Amino acid sequence: MVDVTATPGSSLRHQAAESAEPAPLPTSLRGRLALLGPGLVLAAASVGAGDMVTSLAGAAGYGMALLWAILIGVVLKFALTEAVGRLYMASGQTVIASLRSAGRWLPVAFFVFVLVIALIYGAALSSVASLALSTLFPALPLRPVAVGIALASAAIVYVGRYTVFERVMSVFMLAKFLGMVVLAVATLATADDLPGLLSSVRPRLPEGDVVTVLALIGGVGGTAGIASYSYWVREKGWRDRSRLPVMRADSAVSYALTFLFVLCTTVVGTGLLHGSGRTITGNEGLAALADPLGADLGSVARVLFLGTFFLVTLSALVGGFNALCYLLADSLRTLRDVPDDAAEPHIAQHSRPFRAFLLYAAAAAVAVTFLGRPVPLVLTYAAVGSLILPLLSGALLVLLNRRGVQRPYRNKAASNVLLAGSFVLFGVLAVVQVKETIGGL
């Protein structure tokens, strides 16, 4: 039995996949690790400058005392990602096609939301990446370099098949995580008051600063990347039940790496900012942080920090372009009533709709960069992006509790609690963000 929400074509295809004899899983640890991939892509795409800003800002005020909030955010994002992958394996449908059965307006909403995000996404991240390079090499012009970064990122997505894209993202992930681990170790090794630094890890709840805690919980991990996880699972061919543990391990590795990265960033922020009176303001503050870091740890640490900062933003840009184009192409395909068994020419990386939306995102990046990233557009982007996760978590609660879902794929109590918590938390954050947007316009 398959999910009753699936279309006839996708049901037959999924039944065939379930009944076919799956390839045996590797028995060695190395072989099992070689199966991982979508989670590495997600970790590389989802950990961006925003994670660095929120974790460093939290460390400046509270040291490592808010790591518990980051851990809650990681657990909630893992629950969402695992549910997205499980939904695809249960029905054989992509996430957008499945969402349509929860509400026919949902694909329309996602299409509009992602279209707005793609309008500003490339310009925002390429400008941040350009800022890191221009801080390293002051002679570089900020806007032309930002345009070059946006176009190069779009080209990586345009020419590559999924296997190439996964390898590129895995390299980005390894480089930036190693860079931040080295910086964290150096911070601990050179700390003037190591016991004091470590003592700040004691959990606490800041009085009158609930918004900071909520921002830390909601700021860890991705948004569009989570919704796009099912496309990367689809590319890996994980369709039969034997791959369910592999998918869960893959998404768990993704968020273990995410937590490790934010932990290391928090250590660096605690050692550099906590109790010093210094803080950061937005992405510009991240680049300005390189000079005091170099003064404390040396010029090599300054270069490593800026290089890691650049790779963090670049990988989020490349991964974000890929994720946004999958969502846009699939939303359009769903709105045109193209069935899942005929979806490949409409949503694959080499398909015309995917590449057309990629060109749209790249052209928007160039235009908005030279317009100077007008404030109303940035605020609108933030507000629209905040609405995706509550919609996604609410739909997953509905879809994965239906009777037609096989028991291995159906939500259990823990999943329902975590998805309900995500719906409430991200809903509150969305309300806060929308209010800030209205106030800023």
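This chain uses plain numbering: 1 for the first residue, then up along the sequence. Fair warning: this is a prediction, and the values are worked out from it, not measured in the lab. Side chains included, hydrogens not; waters and symmetry mates left out as well; all remaining heavy atoms used.
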Report, one line per pair, each donor and acceptor closer than 3.5 Å where one atom sits in a side chain of residues 219-228; sequence neighbours left out.
{"residue": "Ser228", "atom": "OG", "partner": "Ala224", "partner atom": "O", "Å": "2.9"}
{"residue": "Ser228", "atom": "OG", "partner": "Ala323", "partner atom": "O", "Å": "3.1"}

Please list, one pair per line, the donor and acceptor atoms closer than 3.5 Å that link side chains of residues 174-186 to other protein atoms, with sequence neighbours excluded.
{"residue": "Lys176", "atom": "NZ", "partner": "Ala44", "partner atom": "O", "Å": "2.7"}
{"residue": "Lys176", "atom": "NZ", "partner": "Val47", "partner atom": "O", "Å": "2.9"}
{"residue": "Lys176", "atom": "NZ", "partner": "Ser315", "partner atom": "OG", "Å": "2.9"}

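Evaluation of the side-chain contact (heavy atoms from CB on, under 4.5 Å) rule for Ala150 yields Ser126, Ala365 as partners, not counting sequence neighbours. Partners of Ala102 under the side-chain contact (heavy atoms from CB on, under 4.5 Å) rule, at least two apart in sequence or in another chain, are Leu106, Ala395, Leu399. Here Phe354 pairs with Tyr326 under the ring pair (Phe, Tyr, Trp, His ring centres under 6.0 Å) rule; sequence neighbours left out. For Arg355, there are no salt bridge (Lys or Arg N to Asp or Glu O under 4.0 Å) partners two or more places apart in sequence or in a different chain. Remark: Ser393 engages Leu80, Ser422, Phe423 in a side-chain contact (heavy atoms from CB on, under 4.5 Å) (not counting sequence neighbours). Considering only residues two or more places apart in sequence or on other chains, Ala342 meets the side-chain contact (heavy atoms from CB on, under 4.5 Å) condition with Val338, Pro339. Residues passing the side chain to side chain donor-acceptor pair (under 3.5 Å) test with Trp232, sequence neighbours excluded: Asn322. Checked against side chain to side chain donor-acceptor pair (under 3.5 Å), Tyr162 has the following partners two or more places apart in sequence or in another chain: Glu166.
Atom-to-atom distance recorded for Tyr360:OH and Phe357:CZ is 9.0 Å, nearest 0.5 angstrom. Separating the CD1 atom in Ile72 from the CG atom in Leu67 is a distance of 11.5 Å, to the nearest 0.5 Å. A distance of 10.0 Å separates CZ of Phe261 from OG1 of Thr266, quoted to the nearest 0.5 Å. Distance OG/Ser91 to CZ/Arg402: 11.0 Å, rounded to 0.5 Å. Note: Ile347 CD1 to His350 NE2 = 10.5 Å, rounded to the nearest 0.5 Å. Rounding to the nearest 0.5 Å gives a distance of 8.5 Å between CE of Met89 and CZ of Arg243.
In this structure, the side chains of Val147 and Arg143 stay at 4.5 Å or more apart for every pair of heavy atoms. Side-chain contact between Leu314 and Leu125 is absent, with no heavy atoms from C-beta onward closer than 4.5 Å. Inter-residue side-chain proximity for Ser415 and Arg86 is flagged as met; some heavy-atom pair is nearer than 4.5 Å. Within the 4.5 Å cutoff, the side chain of Phe426 has no heavy atoms near those of the Leu391 side chain. Between Leu131 and Phe310 the shortest side-chain heavy-atom distance does not fall below 4.5 Å. Using a 4.5 Å heavy-atom cutoff, the side chains of Phe165 and Gln349 are in contact.
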Starting from the C-alpha separation in whole Å, work towards a yes-or-no answer on side-chain contact (heavy atoms from CB on, under 4.5 Å) for Arg234 and Arg239. CA-CA 7 Å; Arg234 179 177 179 272; Arg239 293 184 177 90; 4.1 Å; yes
Could you walk me through whether Leu317 and Thr313 pass side-chain contact (heavy atoms from CB on, under 4.5 Å), step by step? CA-CA 6 Å; Leu317 181 56; Thr313 312; 5.6 Å; no
Kindly indicate, with the supporting measurements, whether the criterion side-chain contact (heavy atoms from CB on, under 4.5 Å) is fulfilled by Ile149 and Leu133. CA-CA 10 Å; Ile149 291 171; Leu133 284 185; 4.1 Å; yes
Mind running side-chain contact (heavy atoms from CB on, under 4.5 Å) on Tyr231 and Val95 for me, showing each step along the way? CA-CA 8 Å; Tyr231 301 106; Val95 64; 3.6 Å; yes
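Closest heavy-atom contact between Ala364 and Leu119: CB-O, 3.4 Å. Considering all non-hydrogen atoms of both residues, Ala252 and Phe78 come closest at N-CE1, 3.6 Å. Leu136 and Gly307 get closest at one heavy-atom pair: CD1-N, 4.4 Å. Heavy atoms only, all atoms of each residue included: Val157 and Phe321 are closest at CG2-CB, 4.1 Å. Across all non-hydrogen atoms, the minimal contact from Thr270 to Ser200 is CG2-OG, 3.7 Å. Counting all heavy atoms, side chain and backbone alike, Met169 lies closest to Val318 at SD-CG1, 3.9 Å.
Applying the salt bridge (charged side-chain N to carboxylate O under 4.0 Å, His left out) test to every pair with at least one member in residues 312-330, sequence neighbours left out, gives these pairs: Asp330-Arg333. Sorted by first and then second residue, the pairs that involve residues 244-256 and meet side chain to side chain donor-acceptor pair (under 3.5 Å), not counting sequence neighbours, are Thr81-Tyr255, Glu82-Arg248, Tyr229-Asp250.
Of the candidates Leu42, Leu389, Leu418, Thr258, Leu389 is the only one forming a side-chain contact (heavy atoms from CB on, under 4.5 Å) with Lys77.
Between the side chain of Ser351 and the backbone N or O of Ala348 there is at least one donor-acceptor pair closer than 3.5 Å. Looking only at distances, no side-chain donor or acceptor of Ser130 sits under 3.5 Å from a matching main-chain atom of Val145. Asn416 places no side-chain N or O within donor-acceptor distance of the main-chain N or O of Leu397, the cut-off being under 3.5 Å.
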